[in-house]
Protein chains: 2
Amino acid sequence: MTMCQNCDYHQLLTHAGLEVTAHRLRVLEIVGGNTGPLNAQEIFATVCRATPINRVTVYRILDALVQHGLLERLSGGRAFYYGLAPNEHHQRHPHFFCRRCGRMDCLRPEAIALDLQPLARVFPGHIENVAVRVDGVCKLCMDAVSKRGRAQQAHNPN
Amino acid sequence: MTMCQNCDYHQLLTHAGLEVTAHRLRVLEIVGGNTGPLNAQEIFATVCRATPINRVTVYRILDALVQHGLLERLSGGRAFYYGLAPNEHHQRHPHFFCRRCGRMDCLRPEAIALDLQPLARVFPGHIENVAVRVDGVCKLCMDAVSKRGRAQQAHNPN
DNA sequence: AACGGTATGCAAATAAGTTGCATACGCCCG
DNA sequence: CGGGCGTATGCAACTTATTTGCATACCGTT
């Protein structure tokens with residue numbers, strides 16, 4: 001879960017040296033309150049339900065929050081997804097990306113244990129992040145597919 | 001390394017039930033002959049140096065090759081990268097993506113050991129792929145940056 | 001040689017993100 | 001309190017990466 005009851009978003013912003021604005025708080029709340037990372041489109045749509053906002057502003061806020069380490073940016077399909085960055089309250093964890101519905105979910109940190117030491121010792125460049133992403137089809141989509149399959153079979157039994 | 005001397009691309013295609021065309025062979029050779037995954041733009045440009053080809057054809061060939069399991073599709077930055085899919089000759093391995101130059105490199109399979117069993121046992125959906133991606137800045141870019149830094153310092157010493 | 005299916009090309013559409021510039025807002029200075 | 005400055009936001013246009021629709025070309029079979 002990306003969700004965080006322990007984070008004071010207002011404080012996170014000021015502590016990062018960012019001005020506290022209604023939009024930024026809203027974005028942080030939305031990302032932090034969701035069970036998994038969201039893409040810009042989803043965040044934009046969610047903010048919009050309450051307050052009008054420009055799409056570009058959302059991108060810029062997301063960039064700022066990533067730059068200052070409040071959010072992490074994950075790639076999924078051909079968009080970026082944003083979740084709370086790992087901090088004292090959240091361990092880094094792998095994600096599951098459903099290629100069918102495009103939803104991204106967080107996996108428990110123990111789901112995949114990985115040992116970074118061997119790489120960190122020999123890699124010549126600068127390592128900023130290590131992401132584990134599991135791709136596949138989520139349970140909901142699996143059920144939808146198999147239901148649809150049965151329906152089609154009943155209707156068109158080849 | 002994605003590179004593979006042991007693969008007979010012609011045979012890989014027929015074995016996958018795909019027609020063998022000059023373009024497809026070319027794409028396979030380019031991807032298989034490179035030291036790391038390439039994006040569609042790079043593959044397109046490389047094919048073009050020898051033979052004219054349409055950009056869309058490249059996308060379609062890449063899709064077909066991924067569909068049939070000859071290539072794997074990785075996300076890096078905001079494009080997809082393509083490398084030979086793991087098979088008898090290539091173990092699955094993690095990748096390094098340089099956020100500065102956009103190059104993707106293969107890491108040795110042992111670089112990051114990960115145990116999938118715990119996840120596979122409890123995950124309710126269908127797992128198709130597990131990708132480990134290390135993001136950061138590669139050695140070449142690090143050197144370039146530090147050189148530029150020194151040059152700027154010399155020129156503009158604040 | 002005709003036929004049917006797949007592959008390729010071309011143009012246009014879409015999706016996601018970025019840039020440039022103008023306006024608006026919050027905060028500090030005098 | 002008013003002006004000035006710096007950041008935040010909005011808007012329009014642009015770029016990049018990929019996809020779709022449709023027409024043509026090629027290939028193996030009959």
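Computation of the quantities below employed the complete heavy-atom set of this structure, encompassing side-chain atoms and omitting hydrogens, waters and symmetry-equivalent molecules. So that the names make sense, note that chain A is the first sequence line, chain B the second, and so on, each numbered from 1. Not measured: the values here are computed from a predicted model.
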- Would A/T46 and A/R26 count as having a side-chain donor-acceptor pair, cut-off 3.5 Å? no
Between [X] ([atom1]) and [N] ([atom2]), how many Å, whole number?
{"X": "A/N54", "N": "C/dC21", "atom1": "CG", "atom2": "P", "result": "17 Å"}
{"X": "B/R24", "N": "C/dT6", "atom1": "CZ", "atom2": "C1'", "result": "8 Å"}
{"X": "A/F44", "N": "D/dT9", "atom1": "CZ", "atom2": "P", "result": "14 Å"}
{"X": "B/R78", "N": "D/dC14", "atom1": "CZ", "atom2": "P", "result": "17 Å"}
{"X": "B/Q41", "N": "D/dT19", "atom1": "CD", "atom2": "P", "result": "15 Å"}
{"X": "B/Y59", "N": "D/dT20", "atom1": "OH", "atom2": "C1'", "result": "14 Å"}

- Residue whose nearest DNA chain D nucleotide is more 5′ - A/I61 or A/V56: A/I61
- When only distance counts, do a donor and an acceptor, one from the side chain of A/R60 and one from the base of C/dG20, lie under 3.5 Å apart? yes
- When only distance counts, do a donor and an acceptor, one from the side chain of A/R55 and one from the base of D/dG10, lie under 3.5 Å apart? no
- Chi angles and distances behind the side chain to side chain donor-acceptor pair (under 3.5 Å) call for A/R73, A/N129: CA-CA 10 Å; A/R73 176 188 239 198; A/N129 187 41; over 6 Å; no
- Item | Which residue lies more 5' along DNA chain C, comparing A/F80 with B/A22 via nearest heavy atoms | B/A22
- Task: Would you kindly compare A/A79 and B/E19 by the position of their nearest DNA chain C nucleotide and give the one closer to the 5′ end?
- Result: B/E19
- Query: Any idea which of D/dT19, C/dG9, D/dA8 is nearest the A/T21 side chain?
  - Reply: D/dA8
- Query: Is the B/F44 to B/Y59 ring centre distance short of 6.0 Å?
  - Reply: no
- Message: Can you tell me if B/H23 touches the phosphate of C/dT8, counting only side-chain N or O atoms and a distance under 4.0 Å to OP1 or OP2?
- Response: yes
- Between B/R92 and B/E72, is there a side-chain N and carboxylate O pair less than 4.0 Å apart? yes
